[in-house]
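I have placed the structure first, in the form of structure tokens, so that the comments after it can refer back to it.
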Amino acid sequence: MEKTISPFSKPLYVMTKPVGAICNLACKYCYYLEKTNLYKENTSKFVMSDSLLEKFIEEYINSQTMPQVLFTWHGGETLMRPLSFYQKVVELQKKYANGRTIDNCIQTNGTLLNDEWCEFFRNNHWLVGISIDGPQEFHDEYRKNKQGKPSFMKVMQGIHLLNKHQVEWNAMAVVNDYNADYPLEFYHFFKELGCHYIQFTPIVERIHPHADGRHLAHVLQKEEKLADFSVSPEQWGNFLCTIFDEWVKNDVGEYFIQIFDATLANWMGAQPGVCTMAPTCGHAGVMEFNGDVYSCDHFVFPEFKLGNIYEKSLIEMMYSEKQIQFGQQKRDSLPNKCKECNYLFACNGECPKNRFLTTEDGEPGLNYLCKGYYQFFDHVAPYMDFMKKELLAERPPANVMKCHTI
């Protein structure tokens, strides 16, 4: 007997790819560009049709159990769709909102921004995520266009336009083997830009040749070669600790760094707000330009396909037994080393895609970045304890900056 699907079991969230894996840049470490190989027979040039857009918006809104609905537009490069596409998005959202509050966020490399785009984002209150890997030398190392030319100056032009039009934006910075050794230069750059919301993402990829031309591995494939741009565990730990030391002295409550916020949330026993640090995952799926839905943005592989929106509803796919098992596997597959770790509550094994090492006892499922995370949690523990006490006493955690006895 099939398990009853309950739309109340967890929130439904599906990131959307209006242009699939197509991009105007060719960043060396990008894990998504090769997804075009999954759709070689497609004749739509990886463009979401108007009919699919309307079907998705109507169904996505009607699938929600909360009064607020968040749409996330992701790529590839999202701005390779014309502005008229997103104007249609807003019209359809208004058509089907039925009293709900609609929010939008969009991720972009920023190189195609102009005044018209920025006016649209400001007027419609869209949050813009900008992919930028720190100062010019660091950013241009891997983020080049298809002609091999650097992209930093165009990204900065885009950021200046966002600021000019007073568009709310935050930064998504990839930490790799090259820039990880310069954490303070990295952090100071974002502070000088006036960017108060920063997400640092460690890049970890492995190489595995596929028959269809793809070359990246996922967690089911063991013992694959690590890509040379991957950050090392030691680099990641040092990077986080160094930035945290400056942040905790000067910037608490002023600059918001996603991993620090998530760590404090886990210290409090609250939801961390980012799936990688939560006990289970699976609530955040992704829909491709043709309506195919996958378990996760990092698991767009054939074996993690949940179906297509033309054949199954979002509720059926996202609350399916397959997706529930995908999410619970994160917790259930932890090796004993993780289960016995003092910081399991803070880490929860991090992202399953990075759990490809074996422990000293030969158990699979150890996170490649484990050593770096352990260093970070061990380093920040007394500060997190202090901020937790402040929050429990209904005082601001920023008081940690006044304390010199930790």
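Basis for what follows: all heavy atoms, side chains included, without hydrogens, waters or symmetry-related copies. Just so it is clear, the structure is predicted and the values come from calculations on it, not from any experiment.
Aromatic ring centroids of H298 and Y31 lie under 6.0 Å apart. Aromatic pair W267/F345: centroids less than 6.0 angstrom apart. In summary, the aromatic rings of Y343 and Y374 are positioned with their centroids under 6.0 Å apart.
With hydrogens and angles left out, the side-chain atoms of Y178 and D133 include no donor and acceptor closer than 3.5 Å. A side-chain donor from one of Q235 and D181 sits under 3.5 Å from a side-chain acceptor of the other. Judged purely by distance below 3.5 Å, without hydrogens or angles, the side chains of N104 and Q93 pair a donor atom with an acceptor atom. With no hydrogens or angles considered, a side-chain donor-acceptor pair links D103 and Q68 at under 3.5 Å. In the model, E288 has no side-chain atom that pairs as donor or acceptor with a side-chain atom of N308 under 3.5 Å. In the model, Y96 has a side-chain atom that pairs as donor or acceptor with a side-chain atom of E54 under 3.5 Å.
A pairwise comparison of heavy atoms in H283 and C275 identifies CE1-CB, 4.3 Å as the closest pair. Residues P233 and L369 approach most closely at CA-CD2, 4.1 Å, considering heavy atoms. Minimum heavy-atom separation, Y32 to G76: CD2-N, 4.4 Å. Scanning both residues, Q323 and M318, for their nearest heavy atoms gives CG-O, 3.5 Å. In terms of heavy atoms, F356 sits closest to L226 at CZ-CD1, 4.1 Å. The two residues M156 and L193 come nearest to each other via the heavy atoms CE-CD2, 3.4 Å.
In this structure, D228 pairs ionically with K28, as a charged nitrogen and a carboxylate oxygen lie closer than 4.0 Å. With respect to the salt-bridge test (charged N to carboxylate O, under 4.0 angstrom), the residues K371 and E234 qualify.
Proximity of a side-chain donor or acceptor of H188 to a complementary backbone N or O of L184 within less than 3.5 Å is detected. No side-chain donor-acceptor contact under 3.5 Å links Q258 to the backbone of F200. Using modelled atom types, no side-chain atom of D385 and backbone atom of K388 make a donor-acceptor pair closer than 3.5 Å. Within the 3.5 Å criterion, the main-chain N or O of T242 finds no donor-acceptor partner in the side chain of D245. No side-chain donor-acceptor contact under 3.5 Å links R143 to the backbone of L25.
For K146, the NZ atom sits in a packed shell: over 12 heavy atoms of surrounding residues, nucleotides or ligands are nearer than 6.0 Å. The local environment of CG in N98 is sparse, with at most 12 non-hydrogen atoms from other residues, nucleotides or ligands closer than 6.0 Å. Around the NZ atom of K312, the shell of radius 6.0 Å holds no more than 12 heavy atoms that belong to other residues, nucleotides or ligands. Within a 6.0 Å sphere centred on CD of E168, other residues, nucleotides and ligands contribute 12 heavy atoms or fewer. With a 6.0 Å radius and a threshold of 12 heavy atoms from other residues, nucleotides or ligands, K144 has its NZ atom above the threshold. A 6.0 Å sphere centred on CD of E119 holds more than 12 heavy atoms belonging to other residues, nucleotides or ligands.
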Hey, mind stepping through D177 and S230 against side chain to side chain contact (heavy atoms under 4.5 Å, CB included) and telling me if it holds?
-> CA-CA 5 Å; D177 70 311; S230 299; over 6 Å; no
Can you list the steps and then say if Y187 with E246 is a side-chain hydrogen bond (donor to acceptor under 3.5 Å, both in side chains)?
-> CA-CA 9 Å; Y187 184 42; E246 170 144 336; 6.0 Å; no
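The aromatic rings of F120 and W117 sit perpendicular to each other, their planes meeting at more than 60°, with 30° as the lower class boundary. Aromatic ring orientation, F244 versus W247: tilted (interplanar angle from 30° to 60°). F189 and F152 have tilted rings, their planes meeting at an angle from 30° to 60° on a 0 to 90° scale. Between F260 and F376, the ring planes lie parallel to each other; the angle is under 30°, not in the 30° to 60° tilted range.
With Y383 as the partner, the side chain to side chain contact (heavy atoms under 4.5 Å, CB included) test is satisfied by one option alone out of L264, V252, V400, T263: V400.
Interatomic distance, L127 CG to H125 NE2, rounded to the nearest 0.5 Å: 13.0 Å. Here the CD1 atom belonging to I315 is positioned 12.0 Å from the OH atom belonging to Y60, to the nearest 0.5 angstrom.
Within the structure, the side chain to side chain donor-acceptor pair (under 3.5 Å) test picks out the following pairs touching residues 75-85 (sequence neighbours left out): E77-T108, E77-N109.
Listed by chain and residue number, T72 satisfy the side chain to side chain donor-acceptor pair (under 3.5 Å) test with Y13 (two or more places apart in sequence, or in another chain). For N250, there are no side chain to side chain donor-acceptor pair (under 3.5 Å) partners, not counting sequence neighbours.
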